[in-house]
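Comments concern the structure below.
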Amino acid sequence: MNAPQAKAPKTAISPTRAENYSEWYQQVVRASDMAELSGVRGCMIIKPNGYGIWELMQRDLDRRFKETGHENCYFPLFIPLSYFQKEADHVEGFAKEMAVVTHHRLSTKNGVLVPDGELEEPLIVRPTSETVIGVAMAKWIKSYRDLPLLVNQWANVVRWEMRPRLLLRTAEFLWQEGHTAHETYEDAMAETRRMHEIYRQFVEEVLALPVVPGEKPANERFPGAVNSFSIEAMMQDGRALQAGTSHYLGQNFSKSLDIQFQNREGNLEHVHTTSWGVSTRLLGALVMAHSDDNGLRVPPRLAPWQVVIVPVLRGDSDKESVLAYCESLKSELQAQTYAGDRLRVKLDKRDISGADKKWDWIKKGAPLVLEIGARDVEGGKVCVTRRDHLDQGKRFPLRSEFIAGIVDELTAIQQGLFDQALAFMTSRTVTDIKTRAAFDAYFGKNDENGFVGNQGFVRAKWSGDLSSLESIDELGVTIRCIPFDQDGKEGVCVLTGKPATQDVIFARAY
RNA sequence: CGGGGAGUAGCGCAGUCUGGUAGCGCAUCUGGUUUGGGACCAGAGGGUCGCAAGUUCGAAUCUUGUCUCCCCGACCA
């Protein structure tokens, strides 16, 4: 049992966010049945309730990629060590987190299975695929007429993380990686920015999560990139989470992997490449950004079940009529279209108490839960609980009114989650910190629980001097991005007091 | 990889100091009573106490090793 909470209202998740944020996070992931740890260090099992959300993310993003001319393909999981070695910064950036395959068979020695058959050349389990895809591009591209080359793959990758965190940072994760090759700097940069903007729209519209789009400072760039762009979201403890990245790789990879084309003048030139990705980390972002002390809250556009119907049965006498009412309600709702899809409606016929079922779906984050009993059938009504406003309790509209308003209601829930997250981010974004003393005071120390009471984004001027960042290392604070919207005004660097015009976002990050 | 904490039933925990082969709450199952709602009563099932070796007549408890998880750092999507 938990510590006695005499007056606190009962919450489905314990501890609450305020009591212990990181423990709360674990409990929400468990209660929502999205994912769990496996027997393999740092590797997770994504369960149907989590994977269903990921599938909806995939579907929406995939459509956006196709609409902008990209095609899917698949490259090998294993990358020869020699491929990886070709781009110096790239190797250095990933060397410390590589899974390496050195053998290709097992044999039995003293009754124990041991690796046997050492490989001539070790294989890397891909941490990202710039190199393998680049090698293929070098074969595919001959002429400027072959450009741009726009491909994407949905795949798993492995990065041997020191400190895994369920859904947010695991050794293996699922993602999408786009790789493109272009004739000119301008084309490649436009592509980098286009995909970055697609991520911004996707995360804001579909995940209902407001973000700060911007460029990464030099020290936070992807290994091998010339420019890295990110969208930064704020979690409910005020920490930042990079929700998507897009990189202009310049000619770094084309030179090291020899990706050349004959230009319009007939001369050989190296292509300009880009890469961009989002991962299952977005599931973790969803949890940390939208959940409350009663569990997950899934934006309708990502909800595997947007409406869950829970029959409340008091005895066999009304069972048939209630179930029939639920079935027809389900059919009518399914005939509705929201965000381009038929409504996803679940009729939960499990033989457990109605109250248990309702709370199960609240913890799983279903946007709307309908409890239907004999009296609703009689009155032609429905009993509605809205996940984004549990505090408002239940309401009992006429069935016909509810169905007529369902699309508007889902739209309102989607928008409401965004608005709440935006209000939170705005309230935790500080713009009036001008001195180092104020900066240090703001980021101060965590309390004993690890819960950080006074934390968020600090938007302030920065001189651009990378060495000045060493002084904020001990605070665990980094520059998350240099936002696109700049006021361009002269000011002083919050870290050094030197003249500075550039605004940046400082925060602790996941 | 460094520092700290922890692995006992599905979940949350007690028991470990002072060895005598497991207990509580919730969940699960059965029966009953209830019910516009996260119900109540009674009964039941479920654990080789993370794993391995050692000490001992005897180990959840002591020793050593090892794996995993959590928190703080260094690294990252």
Side-chain angles (χ1 to χ4, degrees), chain A residues 1-3 9-15 20-23 25-27 30-31 33 36-44 92-97 127-128 157-177 199 216 220-223 228 230-233 240-247 275-285 294-295 310-315 322 352-363 369 371-379 381 383 385 390 393-394 396 445-446 448-451 473-476 478 508-510:
Chain A
M1 282 299 285
N2 306 299
K10 186 173 182 181
T11 57
I13 303 296
S14 138
N20 185 337
Y21 189 82
S22 58
E23 181 60 23
Y25 173 78
Q26 312 284 338
Q27 293 302 331
R30 187 199 314 285
D33 209 28
E36 65 186 44
L37 291 162
S38 68
V40 186
R41 182 192 149 78
C43 294
M44 62 182 164
E92 202 187 325
F94 283 105
K96 280 173 275 179
E97 47 189 63
T128 180
V157 286
V158 169
R159 297 180 187 178
W160 214 257
E161 292 294 341
M162 291 292 95
R163 196 175 153 194
R165 200 182 169 86
L166 191 53
L167 287 175
L168 285 177
R169 189 172 46 236
T170 45
E172 180 192 21
F173 56 94
L174 307 185
W175 77 346
Q176 145 283 309
E177 49 180 325
Y199 288 152
K216 285 291 192 187
E220 299 276 339
R221 272 183 208 135
F222 175 77
S228 284
S230 73
I231 50 176
E232 300 288 329
L241 184 128
Q242 179 173 305
T245 47
S246 182
H247 314 287
S275 68
W276 27 275
V278 299
S279 73
T280 40
R281 155 177 262 206
L282 289 178
L283 292 171
N294 288 305
V310 174
V312 178
L313 304 171
R314 273 185 294 175
V322 170
I352 55 177
S353 94
D356 285 348
K357 273 191 270 196
K358 172 188 168 177
W359 282 94
D360 185 50
W361 288 108
I362 284 174
K363 285 185 280 191
V369 178
E371 294 165 273
I372 303 297
R375 206 180 295 173
D376 304 302
V377 175
E378 217 170 286
K381 296 189 170 186
C383 167
T385 301
L390 284 187
K394 298 175 284 200
F396 299 85
K445 289 277 179 199
N446 300 358
E448 288 160 6
N449 289 332
F451 176 71
D473 263 5
E474 60 174 14
L475 290 170
T478 51
R508 293 199 175 96
Y510 281 102

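Predicted model only: the values in this text are computed from it and were never measured.
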Base paired to [N] (Watson-Crick or G-U; both N/O distances under 3.5 angstrom):
N       : value
rA14(B) : none
rG65(B) : rC51(B)
rG31(B) : rC41(B)
rA77(B) : none
rG58(B) : none
rA22(B) : none

> Is the shortest distance from a Lys or Arg side-chain nitrogen in K216(A) or E232(A) to a carboxylate oxygen in the other one below 4.0 Å?
Replying inline: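 Judged by the 4.0 Å cut-off on N to carboxylate O distance, K216(A) and E232(A) do form a salt bridge.
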
> Quick one: do K358(A) and E371(A) make a salt bridge, cutoff under 4.0 Å?
Replying inline: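 Yes, charged N to carboxylate O under 4.0 Å.
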
Inter-nucleotide [atom1] distance ([N], [M]), Å rounded:
N       : M       : atom1 : answer
rG10(B) : rU66(B) : P     : 28 Å
rG65(B) : rU61(B) : P     : 16 Å
rG20(B) : rA39(B) : P     : 39 Å
rU21(B) : rG38(B) : C1'   : 39 Å
rA22(B) : rA59(B) : P     : 12 Å
rG46(B) : rA53(B) : P     : 26 Å
rC76(B) : rG4(B)  : P     : 25 Å
rU48(B) : rU8(B)  : C1'   : 12 Å

Rounded to the nearest 0.5 Å, how far does [atom2] of [Y] lie from [atom1] of [X]?
X       : Y       : atom1 : atom2 : result
W175(A) : L282(A) : CH2   : CG    : 12.5 Å
M44(A)  : L37(A)  : CE    : CG    : 9.5 Å
Y25(A)  : E23(A)  : OH    : CD    : 12.5 Å
L241(A) : R169(A) : CG    : CZ    : 9.5 Å

How many Å lie between [atom1] on [X] and [atom2] on [N], as a whole number?
X       : N       : atom1 : atom2 : value
N20(A)  : rC13(B) : CG    : P     : 11 Å
Y21(A)  : rC70(B) : OH    : C1'   : 16 Å
K96(A)  : rA77(B) : NZ    : P     : 12 Å
D360(A) : rG10(B) : CG    : C1'   : 14 Å
E161(A) : rC75(B) : CD    : P     : 12 Å
M44(A)  : rA77(B) : CE    : C1'   : 11 Å
Q27(A)  : rG10(B) : CD    : P     : 15 Å
R508(A) : rC76(B) : CZ    : P     : 18 Å

Which part of the nucleic acid, if any, lies within reach of [X] when heavy atoms closer than 4.0 Å are counted: base, sugar-phosphate only, or nothing?
X       : value
Q242(A) : sugar-phosphate
F94(A)  : nothing
S246(A) : nothing
S279(A) : base

> Do you know which two heavy atoms are closest between E161(A) and T170(A), and how far apart they sit?
Replying inline: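 Closest pair (atom of E161(A), atom of T170(A), distance): CG-O, 4.2 Å.
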
> Can you name the nearest heavy-atom pair linking N20(A) to P15(A), along with the distance?
Replying inline: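 Between these two residues, the closest heavy atoms are CB-CG, 3.9 Å.
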
>> H247(A) and side chain to side chain contact (heavy atoms under 4.5 Å, CB included): which single residue from P223(A), S228(A), S230(A) fits?
In response: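 Result: among P223(A), S228(A), S230(A), S228(A) is the only option passing the side chain to side chain contact (heavy atoms under 4.5 Å, CB included) with H247(A).
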
> For nucleotides 37-47 of chain B, read 5' to 3', which letter fits each nucleotide if B means a protein heavy atom sits under 4.0 Å from the base, S means only the sugar-phosphate is that close, and - means neither?
Replying inline: BBS--------

>> Looking at rC71(B), I'd like to know if its phosphate oxygens (OP1 or OP2) sit under 4.0 Å from a side-chain N or O belonging to S22(A).
In response: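 Affirmative; the distance criterion is met.
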
> By salt bridge (Lys or Arg N to Asp or Glu O under 4.0 Å), which residues pair with D360(A), not counting sequence neighbours?
Replying inline: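 Result, salt bridge (Lys or Arg N to Asp or Glu O under 4.0 Å) vs D360(A): R350(A), K364(A).
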
Nucleotide N/O to protein N/O under 3.5 Å, stretch nucleotides 65-69 of chain B:
| residue | atom | partner | partner atom | Å |
| --- | --- | --- | --- | --- |
| rC69(B) | OP1 | G42(A) | N | 2.9 |
| rC69(B) | OP2 | R41(A) | NH1 | 3.2 |

> Looking at the side chain of R165(A), which of rC1(B), rC71(B), rC76(B) is the nearest nucleotide?
Replying inline: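 Closest of the options to the side chain of R165(A): rC71(B).
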
> What's the verdict on side chain to side chain contact (heavy atoms under 4.5 Å, CB included) for R281(A) and Q242(A), showing C-alpha distance, side-chain angles and the deciding distance?
Replying inline: CA-CA 9 Å; R281(A) 155 177 262 206; Q242(A) 179 173 305; 4.1 Å; yes

